[in-house]
Q: 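Below you will find the structure I want to go over with you.
Whatever order the structure lists them in is the order used to number ligands and atoms, beginning at 1.
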Amino acid sequence: MTTRRKFIKQSALASAFVITGMPKARSEEMSMTGSIKKPIVISTWEHGLAANETAWKILTSGGKALDAVEKGVMVSEADPNVTSVGYGGLPDRDGNVTLDACIMDEKGNCGSVAFLQNIMHPISVARLVMEKTPHIMLVGEGAQRFAKMVGFQEVNLLTGESKRAWEMWLKENKYEPIKIDKDNHDTIGMVAMDKNGDISGACTTSGLAWKYHGRVGDSPIIGAGMYADNEVGAACATGKGEEVIRICGAHLIVELMRNGKSPQQACEEAVKRIAKKRDVYKDPFQVGFLAINKKGEHGAYCIQKGFKYALAVDGVNKIYDSDFYVK
Ligand code: GLY
């Protein structure tokens, strides 16, 4: 953590170098280093708090952002009370829990799984797709076969509680098409920068409750649900995946930051892109975005009131309410 005293010392050091004739670019870089907030980790929803805690321990003990985001989101994947991610996730309309996840490191390596069943940690399977195969994305039965091949056990992910919720939905909705509204939310997306200033991201979900069997959202799509570029920053998304995919949400935000927008401005612009195409007043679906940049600045913005996020920086891990578009 950069204390005020350390920061003043670093800034003074930087100006001292300017005086003694250090080339300008180098001296500017040094004075910026003094104000970079790192490590930093940000993740979606209240369940992000516990996930951040695990990530933070890794980051503060000098670990890599990639390990932090993987281990962080695994906390939500294993928590049966988080009914939108991993174990205990609400099933599709046929009663199957199907999982989507992706991960990306500071070198632009990435891995992803979609429509994966009976595996507790899809994010770790995504990481192994990245590390052990020449591919980026494996889906369905092929992803499951790969997971078993690299040592994952098959588990039943449908808890009694999620099964009861599904049976209730069946009774009330009589298998009617799903309603994707602001309350049918999902996902843990997490992006982090480690002490070295390296950035990675992860995103994992059981997707929308009562979705069509086979439906895949934005979460495993690199550039939609999550994107990281170590030169610029990273972003992740939550909410109605179909709308996030339409605008390539996370990639759009990173590109907006590359072109000079702050993380907050970039998240707001992405939400506005969606709002331009959809009547977000009449159709109250939710999409939320989070972003960080290389300075350790963060941004959060969503369509409807109600999106919360967890931010750990400067030794404080806290839940915040995101600003929103529909007012
Ligand atoms: N945002 C996750 C999904 O739509 O599945």
Side-chain angles (χ1 to χ4, degrees), residues 42-48 51 69 73 76-77 82-94 96-104 112-117 119 122-123 126 137 139-140 143 157 162 166 177-191 201-227 234-253 267 270-271 273-274 277-278 280 283-291 300-304 306-309 322:
I42 190 167
S43 62
T44 54
W45 302 108
E46 285 99 325
H47 50 248
V69 295
V73 301
S76 305
E77 286 183 337
V82 180
T83 57
S84 53
V85 182
Y87 177 59
L90 293 169
D92 65 16
R93 61 195 336 225
D94 301 319
N96 309 289
V97 181
T98 72
L99 306 175
D100 302 333
C102 77
I103 193 160
M104 191 161 191
S112 153
V113 289
F115 190 46
L116 174 65
Q117 296 183 58
I119 300 290
I123 197 67
M137 190 166 198
V139 306
L157 299 170
S162 288
W166 170 61
I178 51 160
K179 190 168 157 243
I180 303 176
D181 63 17
K182 66 183 169 49
D183 301 317
N184 187 353
H185 73 69
D186 58 280
T187 315
I188 180 157
M190 175 183 276
V191 291
C203 192
T204 174
T205 187
S206 53
L208 293 163
W210 337 131
K211 62 193 174 185
Y212 284 90
H213 187 58
R215 180 263 186 194
V216 169
D218 61 312
S219 301
I221 313 289
I222 301 290
M226 191 277 298
Y227 193 73
C236 60
T238 182
K240 187 177 172 186
E242 284 75 2
E243 302 301 340
V244 178
I245 293 170
R246 257 188 259 279
I247 62 153
C248 300
H251 186 259
L252 169 65
I253 289 170
C267 289
V271 163
R273 293 267 176 111
I274 295 174
K277 297 193 169 103
R278 296 275 174 266
V280 294
D283 180 11
F285 65 83
Q286 179 67 294
V287 167
F289 292 112
L290 298 177
Y301 202 62
C302 62
I303 299 179
Q304 313 286 340
F307 171 46
K308 290 175 192 291
Y309 64 95
S322 165

Q: Measure across Asp94 and His213 and return the closest heavy-atom pair with its distance rounded to 0.1 Å.
A: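 Shortest heavy-atom separation between Asp94 and His213 comes out as OD2-CB, 3.2 Å.
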Q: Which part of Gln286 is near ligand 1, with near meaning a heavy atom under 4.0 Å away: side chain, backbone, both or neither?
A: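 Near ligand 1, Gln286 shows nothing, with every heavy atom at 4.0 Å or more.
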Q: Quick one: which of Cys203, Ser43, Cys236, Ser76 gives a side-chain contact (heavy atoms from CB on, under 4.5 Å) with Met190?
A: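 Exactly one pass, corresponding to Ser43.
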Q: How far is atom 2 (C) of ligand 1 from its nearest protein heavy atom, and which residue and atom is that?
A: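 Nearest protein contact, heavy atoms only, for atom 2 (C) of ligand 1 is Asp186 OD2, 2.7 Å.
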Q: Suppose I only count heavy atoms of Asp218 and a 4.0 Å limit; which atoms of ligand 1 are within that range?
A: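 Answer for ligand 1: 1 (N), 2 (C), 3 (C), 4 (O).
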Q: Out of Glu243, Lys240, Arg215, who gets a non-hydrogen atom closest to atom 4 (O) of ligand 1?
A: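 The option holding the nearest heavy atom is Arg215.
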Q: Would Gly207 count as being in polar contact with ligand 1, using the rule that some N or O on each side must be under 3.5 angstrom apart?
A: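 By distance alone, the answer is no.
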Q: Shortest non-hydrogen contact from Ser84 to Thr205?
A: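 Result for this residue pair: O-OG1, 3.1 Å.
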Q: Can you give me the closest heavy-atom contact between Leu290 and Ala300, atom names plus distance?
A: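 Closest approach of Leu290 to Ala300: CD2-CB, 3.5 Å.
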Q: Report yes or no: does a heavy atom of Lys211 sit under 4.0 Å from some atom of ligand 1?
A: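 Distance cut 4.0 Å: Lys211 fails for ligand 1.
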Q: List ligand 1 atoms under 4.0 Å from Ser219, heavy atoms only on the residue side.
A: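 So the atoms of ligand 1 that pass are 1 (N), 2 (C).
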Q: Taking side chain as C-beta onward, heavy atoms only, is Trp210 less than 4.5 Å from Asp92?
A: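 Counting from C-beta outward, Trp210 and Asp92 never come under 4.5 Å.
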Q: Can you sort out which atoms of ligand 1 are near Gly217, meaning under 4.0 Å from one of its heavy atoms?
A: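 Atoms satisfying the 4.0 Å criterion: 5 (O).
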Q: At a 4.0 Å threshold, what atoms of ligand 1 neighbour a non-hydrogen atom of Thr187?
A: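 The atoms of ligand 1 under 4.0 Å from a heavy atom of Thr187 are 1 (N), 2 (C).
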Q: I'd like to know if the side chain of Trp166 reaches the main chain of Arg93, judged simply by a donor and an acceptor atom lying under 3.5 Å from each other, with no hydrogens or angles considered.
A: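 Confirmed, Trp166 side chain pairs with Arg93 backbone.
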Q: Does the salt bridge (Lys or Arg N to Asp or Glu O under 4.0 Å) test come out yes or no for Glu242 and Arg215, once each step is laid out?
A: CA-CA 10 Å; Glu242 284 75 2; Arg215 180 263 186 194; 2.8 Å; yes
Q: Which ligand 1 atoms does Gly239 reach within 4.0 Å, using its non-hydrogen atoms?
A: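 Every atom of ligand 1 under 4.0 Å from some heavy atom of Gly239: 1 (N), 2 (C), 3 (C), 4 (O).
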